[in-house]
Amino acid sequence: MCQGKETSLELRNLIVKLKGEKKSYSEIAKILKTPRSTVQTIYRNYVMRGNVLNKSQCGRPHKLSDRDARAIVRKVKKNPKICAPKLADQIATASGKKVKVILNTSQVTLHTLSFSSLQNSPTLRVGSSELGKTSALF
């Protein structure tokens with residue numbers, strides 16, 4: 001989880017170089033004008049991983065982009081009575097991604113076919129009034 005701005009690769013390499021010259025965390029922090037905790041964290045990650053690069057993204061990437069999700073919201077707002085299978089077809093043709101429609105009594109859940117389970121997958125939920133009819137968004 002990133003809480004602030006990312007430190008540059010040059011700064012990270014410089015921290016490792018200065019630490020290799022037997023400087024303390026406090027001295028390095030004063031020289032580079034960065035927090036001591038940042039210096040500590042960067043050097044600790046260097047020792048544990050062997051490099052100063054960021055870790056790769058953790059977690060499953062989203063199947064629908066933000067743009068696709070906004071397009072779905074626009075379509076439902078434009079036509080709130082659109083049936084779920086028709087909406088799924090429109091999404092599939094527009095984004096080029098296969099979309100599956102799951103009908104529950106309280107909601108219509110759209111998700112892509114490559115999800116392994118519904119519980120762990122990011123979903124877009126659209127309220128339903130009748131089977132296959134959408135009446136309200138969120």
Side-chain angles (χ1 to χ4, degrees):
M1 177 179 351
C2 184
Q3 294 180 347
K5 54 180 197 178
E6 185 177 329
T7 55
S8 68
L9 192 57
E10 293 111 18
L11 182 65
R12 293 173 192 216
N13 286 326
L14 188 56
I15 288 171
V16 171
K17 179 183 171 199
L18 291 172
K19 189 65 179 161
E21 295 173 1
K22 306 292 183 196
K23 295 206 181 280
S24 70
Y25 293 126
S26 298
E27 290 172 342
I28 296 170
K30 284 180 184 175
I31 292 169
L32 301 177
K33 296 179 182 157
T34 58
R36 183 190 47 79
S37 60
T38 301
V39 173
Q40 256 181 314
T41 302
I42 290 171
Y43 189 73
R44 181 180 54 230
N45 289 339
Y46 170 75
V47 170
M48 289 172 56
R49 288 190 244 139
N51 62 30
V52 292
L53 301 175
N54 284 336
K55 288 191 337 185
S56 62
Q57 174 183 355
C58 62
R60 184 181 197 134
H62 294 284
K63 295 297 177 180
L64 293 175
S65 67
D66 291 338
R67 183 179 180 182
D68 294 335
R70 287 192 309 269
I72 293 169
V73 170
R74 277 194 309 272
K75 286 179 186 192
V76 173
K77 281 184 178 180
K78 190 175 184 179
N79 184 7
K81 299 203 181 241
I82 189 171
C83 67
K86 187 174 181 182
L87 180 61
D89 289 339
Q90 288 179 1
I91 295 164
T93 57
S95 68
K97 298 174 183 168
K98 294 188 178 186
V99 176
K100 183 177 178 182
V101 178
I102 297 172
L103 296 174
N104 292 336
T105 56
S106 63
Q107 67 192 11
V108 176
T109 305
L110 300 172
H111 68 93
T112 57
L113 287 173
S114 57
F115 287 155
S116 59
S117 71
L118 286 176
Q119 294 172 346
N120 297 329
S121 65
T123 58
L124 176 67
R125 300 178 192 282
V126 181
S128 65
S129 59
E130 299 174 35
L131 284 176
K133 300 284 185 176
T134 58
S135 63
L137 182 61
F138 305 107

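These numbers were taken from a predicted model, which means no experiment stands behind them.
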Would a 4.5 Å heavy-atom cut-off, applied to side chains only, mark [X] and [Y] as touching?
{"X": "Lys23", "Y": "Lys30", "answer": "no"}
{"X": "Lys17", "Y": "Ile28", "answer": "no"}
{"X": "Glu27", "Y": "Leu18", "answer": "no"}
{"X": "Asn51", "Y": "Asn45", "answer": "no"}

Quick check: does any side chain N or O of Thr93 sit under 3.5 Å from a backbone N or O of Asp89, one acting as donor and the other as acceptor?
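Judged by distance alone, yes, a pair lies under 3.5 Å.
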
Nearest-0.5 Å distance, CD1 of residue Ile15 to CG of residue Leu32
5.5 Å

Which distance, rounded to the nearest 0.5 Å, do you find between the CZ of Arg36 and the OG1 of Thr41?
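Result: 9.0 Å between the selected atoms.
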
Tell me whether the count of non-hydrogen atoms from other residues, nucleotides or ligands lying under 6.0 Å of CZ in Arg67 goes above 12.
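Count not over threshold, so no.
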
Between Lys75 and Lys78, does a side chain to side chain contact (heavy atoms under 4.5 Å, CB included) hold up when you go through it step by step?
CA-CA 5 Å; Lys75 286 179 186 192; Lys78 190 175 184 179; 5.7 Å; no

Can you see which heavy atom on Ala29 is nearest to which on Pro35, and at what distance?
CB-C, 4.1 Å

Compare every heavy atom of Tyr46 with every heavy atom of Val52, then report the nearest pair and how far apart it is.
CG1-CD1, 3.9 Å

Criterion side chain to side chain contact (heavy atoms under 4.5 Å, CB included) on Tyr25 and Lys19, from CA distance to verdict:
CA-CA 8 Å; Tyr25 293 126; Lys19 189 65 179 161; 3.8 Å; yes

Flag for Arg12-Thr7: side-chain donor and acceptor within less than 3.5 Å:
yes

Distance only, no hydrogens: is a donor on one side chain within 3.5 Å (strictly under) of an acceptor on the other, for Arg44 and Gln40?
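Not at all, the side chains of Arg44 and Gln40 share no donor-acceptor pair under 3.5 Å.
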
Cluster link Val47 to Leu11, ILVMFWY, side chain under 4.5 Å:
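Yes; Leu11 is reachable from Val47 via cluster members.
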
